[in-house]
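Because the structure is a prediction, the values reported are computed rather than measured. Each chain gets a letter, A, B and so on, in the order the sequences are listed, and its residues count up from 1. These numbers come from the heavy atoms of this one structure, side chains and all, not from hydrogens, waters or symmetry mates.
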Protein chains: 2
Amino acid sequence: MGEFKSLEKRLKNKGYKLTAPRRFLLGLLENNPGKSYSAQEIFDLLKGKGVDFSTIYRNLEMMAKEGILSAVQRENGTSSYELCLNHHHHHLICTDCGATRCINVCPMDLIDKSIWEGFTPKKHRFEIMGLCPECSKKNT
Amino acid sequence: MGEFKSLEKRLKNKGYKLTAPRRFLLGLLENNPGKSYSAQEIFDLLKGKGVDFSTIYRNLEMMAKEGILSAVQRENGTSSYELCLNHHHHHLICTDCGATRCINVCPMDLIDKSIWEGFTPKKHRFEIMGLCPECSKKNT
DNA sequence: AATATAAATGCAAGTATTTGCAATTACAAA
DNA sequence: TTTGTAATTGCAAATACTTGCATTTATATT
């Protein structure tokens with residue numbers, strides 16, 4: 001709740017308007033911490049609110065760019081998004097049920113700086129696909 | 001050349017037919033080691049050979065699954081592919097000119113095993129986006 | 001509270017990706 | 001070599017993703 005309010009504030013501080021679609025979107029993510037959704041999934045969940053797909057799509061991209069959401073690439077290449085309340089982190093992604101779990105290790109902190117050889121790193125992507133504890137048991 | 005022959009053999013050994021589109025595809029990648037191409041780029045380069053886009057698309061996916069090609073996700077989400085002659089590796093990707101360079105460090109070797117907590121890792125993705133040495137200079 | 005105005009939305013069109021299927025082709029077996 | 005058969009292809013249709021633009025809406029200003 002407090003967190004939710006502050007997310008709306010963050011949007012406004014960055015100069016964005018606080019519209020109904022954006023409230024729905026943040027509300028959904030806020031009420032499901034740790035879950036990540038694709039644009040299509042959010043569209044389905046918000047059916048009845050009359051929000052257009054493209055609006056969801058554009059807002060997810062915008063919020064990811066602004067650092068309000070973090071984007072996770074699923075195995076099939078589609079992007080999913082979740083609230084990014086904390087600091088920089090990566091994800092374990094269950095290929096069976098889709099659950100994600102944050103991990104705090106970042107390979108950029110671990111690798112040897114000598115590999116760059118003139119390359120200037122800006123961003124990176126690191127995701128681990130596999131089976132979550134529950135699905136690991138199921139699939140034995 | 002020798003390598004090329006063996007790639008065709010690997011396809012046959014796995015039970016795939018050696019068709020004209022597949023020869024074109026492997027030939028192109030073989031002649032441009034270290035370069036990675038999207039399906040669309042290969043389609044454009046093979047214009048005149050009369051190969052359908054969907055054929056290229058499906059073969060790239062197939063060869064990636066078979067470990068003949070390695071798939072690299074570009075920043076915008078589209079997949080590009082390159083010959084995967086060596087062992088497991090990751091990439092530096094220039095966001096300006098698109099060049100890729102292989103690196104041999106793998107985060108999976110570096111991270112602490114205690115993070116799994118019941119999760120069973122199967123695959124992972126690790127890519128570093130930034131500017132290659134040339135583009136680093138250009139953009140100063 | 002009314003108004004001006006720039007941002008955001010919904011719609012529809014555009015592009016890109018993926019799939020189903022009938023026709024074709026590689027290749028194993030005769 | 002010819003033939004049979006399943007894999008593969010090209011085409012076209014179906015999805016999925018992205019964008020342009022006229023209309024609407026949030027909000028700063030009066």
Side-chain angles (χ1 to χ4, degrees), chain A residues 4-5 7-29 36-66 68-69 71-81 98, chain B residues 4-5 7-29 36-66 68-69 71-81 98:
Chain A
F4 183 61
K5 188 65 168 295
L7 284 170
E8 299 192 342
K9 278 224 186 77
R10 278 174 69 188
L11 269 186
K12 297 204 73 172
N13 288 342
K14 286 168 185 289
Y16 293 102
K17 292 181 180 175
L18 198 42
T19 62
R22 287 177 181 161
R23 284 174 195 277
F24 292 144
L25 221 165
L26 289 178
L28 174 62
L29 295 169
S36 68
Y37 300 96
S38 67
Q40 186 61 55
E41 288 162 353
I42 292 179
F43 179 68
D44 294 339
L45 288 168
L46 294 185
K47 278 267 172 63
K49 306 270 185 181
V51 182
D52 192 70
F53 180 83
S54 67
T55 299
I56 293 169
Y57 173 83
R58 282 187 277 220
N59 274 302
L60 288 173
E61 283 209 323
M62 177 274 278
M63 292 184 194
K65 201 178 59 190
E66 294 294 355
I68 293 167
L69 303 181
V72 183
Q73 301 268 132
R74 297 215 176 131
E75 199 173 12
N76 63 18
T78 64
S79 298
S80 67
Y81 301 84
Chain B
F4 183 62
K5 189 67 170 292
L7 283 171
E8 299 194 341
K9 278 224 186 79
R10 278 173 69 188
L11 268 186
K12 297 203 73 171
N13 288 343
K14 288 170 185 287
Y16 293 101
K17 292 181 180 175
L18 199 41
T19 63
R22 285 176 183 163
R23 283 174 196 277
F24 293 143
L25 222 165
L26 288 178
L28 173 63
L29 295 170
S36 68
Y37 300 96
S38 67
Q40 187 61 54
E41 287 163 353
I42 293 179
F43 179 67
D44 293 340
L45 288 167
L46 294 185
K47 277 268 171 64
K49 306 269 183 180
V51 181
D52 192 71
F53 181 84
S54 67
T55 300
I56 293 169
Y57 174 84
R58 280 186 279 222
N59 275 302
L60 288 173
E61 282 210 324
M62 178 274 280
M63 292 184 194
K65 201 178 57 187
E66 294 293 355
I68 293 166
L69 303 180
V72 183
Q73 300 269 131
R74 297 211 178 135
E75 200 174 11
N76 62 19
T78 65
S79 298
S80 68
Y81 300 84

Select one nucleotide: of dT18(D), dG10(C), dT9(C), the one nearest the side-chain heavy atoms of Asp52(A). dG10(C)

DNA chain D: 5'-proximal contact among Asn76(B) and Thr55(B) (nearest heavy atom): Thr55(B)

Integer-rounded Å distance: dC17(D) P and Glu41(A) CD: 10 Å

Of the nucleotides dT19(D), dG10(D), dA26(C), which one has an atom closest to the side chain of Lys17(B)? dA26(C)

For dT9(C), take OP1 and OP2 only and decide whether either is under 4.0 Å from a side-chain N or O of Thr19(A). yes

Looking only at dT17(C), dA7(D), dT9(C), the nucleotide nearest the Arg22(A) side chain is dT9(C)

Whether Arg22(A) side chain and Lys17(A) backbone form a donor-acceptor pair below 3.5 Å: yes

So, Glu41(B) and Arg74(B), do they make that salt bridge, N to O below 4.0 Å? yes

When you match Ser79(A) and Arg58(A) each to their closest nucleotide on DNA chain D, which lands nearer the 5' end? Ser79(A)

Closest to the side chain of Pro21(A), out of dA26(C), dT19(D), dT9(C), is dT9(C)

Of all the choices, dT27(D), dT18(C), dA12(C), which nucleotide is nearest to the side chain of Tyr57(B) once you look at every atom? dT18(C)

Given dT25(C), dT27(D), dG10(D), identify the nucleotide with an atom nearest to the side chain of Val51(B). dG10(D)

